[in-house]
Amino acid sequence: MLTALVPSATSDDGGFQAPTVGEFFPGELLFVGTPFAMTRINLMGLLMAGVVSVFFVLAFSKPKLVPSGVQNLGEMAVDLVQKNIIEEALGDKGKKYAPYLISMFWLLFAFNITGILPTMHLAISSVIAIPLMFAIIAWFVFNIQGVRALGFGHYLKANLFPPGIPWPIYILVTPIEFVSTFLLRPLTLTIRLLANMMAGHLLLVLFFSATSALLLADGFLKVFAIPSFIMGFAFTLFEILIAVLQAYIFTLLTAVYIDSATSEEH
C-alpha cells in the first residue's frame, strides 16, 4: 500500500532523500535530443488533456432532453463553473466566454490533481510552462476583448488614465497602472498557481519518503513512521482541496479581468 504512495524522491536503497527542485525538471523520454523531445510531464499533460476532452465529447455528443449518466456529469461540470464563476463575475455577457472559462477550469484541475494520482505524483501545473501558458492566453483574451469592446484608444485611456485624478498625478499613476494591468497580471497568475502546486508536491514527497525511510530504520525510529504517514495522508487530502481552489481562483481572476477590460467603468 505504502509503495504506491511513496514518490520517486525515495532513494534506491529505501533511505530518506529530501525533495529537490530537480524533480520539476524530469529527463527526456521520447524523441530525445530533438525539438519534439517529451518528458514525463509532457506525456502526463497529453494524457490529462485527452481525458478531459474525451469526457466532454462523450457527455455532449448525443445530448438528451432528460440527462443521465455521463451527460448528467457533464452538465454538472459545466454548471459548476457557469454558476459559481462566470455568472458571478461576468453576468449575462459571460455566455460568450463560457467555453473558454469552463475549459480552463477543468484543464487546470486535471493538471493540478496529478500531484496525488498513483504513478504520477507530480502536478503538471507545478512546472512553470503550464501556468505561464494559461496566464499568457488569459492576458491575450482580456486585452483583445477589451480592445474589441471599447476600441484601442479608449481601452488604453480607461486603463492608463483613471478618471477623477488631477493631471499632474498621472505622471505617477499611469506607469503604475501600466505595470499593474499589462505586466503584473499574467505574472501573478503564474506565480500563484506555480508556488502552490510546487509547495504541495515538496511536502508530499517529504512526508512519504520520510515514512519509507523510517520504516526501514532500526529500533524505535520505526514508530515515527506513523505520524509521518498521517501527515502525508492529511496533506494528500489537502492537495485535493488546493487542486480545486487554485483552478477556481485562476479562472475567477481571468473572468474578473475580462469583465474589467470590457466594461466602460474601471
Side-chain angles (χ1 to χ4, degrees), residues 45 49 52 56 77-112 124-198 242-266:
V52 173
F56 281 108
V78 169
D79 286 344
L80 179 68
V81 183
Q82 182 74 39
K83 293 181 179 179
N84 293 286
I85 297 178
I86 298 174
E87 291 180 3
E88 290 292 328
L90 290 163
D92 293 336
K93 67 179 178 181
K95 294 179 180 179
K96 64 183 293 187
Y97 305 108
Y100 165 61
L101 293 172
I102 292 169
S103 300
M104 170 187 281
F105 177 88
W106 288 110
L107 278 174
L108 281 172
F109 172 74
F111 290 170
N112 292 346
I124 300 167
S125 50
S126 65
V127 177
I128 190 170
I130 301 301
L132 182 61
M133 176 191 69
F134 278 97
I136 290 174
I137 293 173
W139 185 88
F140 274 106
V141 169
F142 76 74
N143 279 302
I144 290 173
Q145 292 303 313
V147 171
R148 291 181 63 183
L150 305 179
F152 183 74
H154 189 184
Y155 179 66
L156 287 181
K157 181 181 178 180
N159 282 281
L160 300 180
F161 301 95
I165 297 177
W167 275 102
I169 305 299
Y170 283 127
I171 298 174
L172 295 175
V173 170
T174 298
I176 293 173
E177 290 294 325
F178 174 80
V179 171
S180 173
T181 302
F182 298 105
L183 299 181
L184 288 184
R185 283 183 179 179
L187 184 62
T188 54
L189 283 173
T190 300
I191 293 176
R192 182 184 295 106
L193 178 58
L194 177 68
N196 277 278
M197 303 319 298
M198 285 184 68
I242 293 298
V244 177
L245 187 61
Q246 289 305 312
Y248 171 80
I249 292 173
F250 198 107
T251 308
L252 177 63
L253 286 175
T254 301
V256 169
Y257 293 158
I258 292 173
D259 179 62
S260 175
T262 56
S263 298
E264 289 286 343
E265 297 181 359
H266 285 70

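Values below: all heavy atoms of this structure, side chains included; hydrogens, waters and symmetry mates excluded. Keep in mind the model is a prediction, meaning the values are calculated, not measured.
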From [X] atom [atom1] to [Y] atom [atom2], the distance as rounded to the nearest 0.5 Å:
{"X": "Q82", "Y": "L90", "atom1": "CD", "atom2": "CG", "result": "9.5 Å"}
{"X": "T190", "Y": "I130", "atom1": "OG1", "atom2": "CD1", "result": "11.0 Å"}
{"X": "L101", "Y": "F250", "atom1": "CG", "atom2": "CZ", "result": "11.0 Å"}
{"X": "Y97", "Y": "I102", "atom1": "OH", "atom2": "CD1", "result": "14.5 Å"}
{"X": "L132", "Y": "W139", "atom1": "CG", "atom2": "CH2", "result": "12.5 Å"}
{"X": "L194", "Y": "Q246", "atom1": "CG", "atom2": "CD", "result": "10.5 Å"}

Restricting to non-hydrogen atoms, name the atom on [X] and the atom on [Y] that form the minimum distance, rounded to 0.1 Å.
{"X": "R185", "Y": "S260", "answer": "NH2-OG, 4.2 Å"}
{"X": "I86", "Y": "G94", "answer": "CG2-O, 3.4 Å"}
{"X": "L189", "Y": "A138", "answer": "CD1-CB, 4.4 Å"}
{"X": "L193", "Y": "P131", "answer": "CD2-CB, 3.6 Å"}
{"X": "S126", "Y": "M198", "answer": "O-CG, 3.4 Å"}
{"X": "L108", "Y": "A247", "answer": "CB-CB, 3.9 Å"}

- [ ] Test L187 against L184 for side chain to side chain contact (heavy atoms under 4.5 Å, CB included), laying out the working first.
- [x] CA-CA 5 Å; L187 184 62; L184 288 184; 4.1 Å; yes
- [ ] Fit a plane to each ring of F105 and F109, take the angle between them on a 0 to 90° scale, and name the class: parallel (under 30°), tilted (30 to 60°) or perpendicular (over 60°).
- [x] parallel
Open item on the list: Can you classify the ring geometry of W167 versus F161 as parallel (below 30°), tilted (30 to 60°) or perpendicular (above 60°)?
Closed with: tilted
TODO: Step through the shown structure and confirm whether more than 12 heavy atoms of other residues, nucleotides or ligands are within 6.0 Å of CZ on F140.
DONE: no
- [ ] Tell me, yes or no, whether the heavy-atom count around K157 atom NZ, taken from other residues, nucleotides or ligands under 6.0 Å, exceeds 12.
- [x] no
Any side-chain heavy-atom pair from [X] and [Y] closer than 4.5 angstrom?
{"X": "N196", "Y": "L245", "value": "no"}
{"X": "R192", "Y": "L253", "value": "yes"}
{"X": "I85", "Y": "T254", "value": "no"}
{"X": "Y155", "Y": "N143", "value": "yes"}

- [ ] Indicate yes or no for a side-chain donor-acceptor contact from S180 to the backbone of I176 under 3.5 Å, with no hydrogens or angles considered.
- [x] no
TODO: Give a yes or no on whether the backbone of V52 and the side-chain of W106 come within a donor-acceptor separation of less than 3.5 Å.
DONE: no
TODO: May I have the step-by-step check of side chain to side chain contact (heavy atoms under 4.5 Å, CB included) for F182 and L156, ending in yes or no?
DONE: CA-CA 10 Å; F182 298 105; L156 287 181; 4.1 Å; yes
TODO: Check R148, K93, Q145 against T262 for a side-chain hydrogen bond (donor to acceptor under 3.5 Å, both in side chains) and give me the one that passes.
DONE: K93
Task: Step-by-step side chain to side chain contact (heavy atoms under 4.5 Å, CB included) determination, Y100 to I137 - done: CA-CA 10 Å; Y100 165 61; I137 293 173; 3.9 Å; yes
Open item on the list: Let's go through N112 and I242 carefully: what are the C-alpha distance in whole Å and the side-chain angles of both, what is the deciding distance for side chain to side chain contact (heavy atoms under 4.5 Å, CB included) to 0.1 Å, and is it a yes or a no?
Closed with: CA-CA 8 Å; N112 292 346; I242 293 298; over 6 Å; no
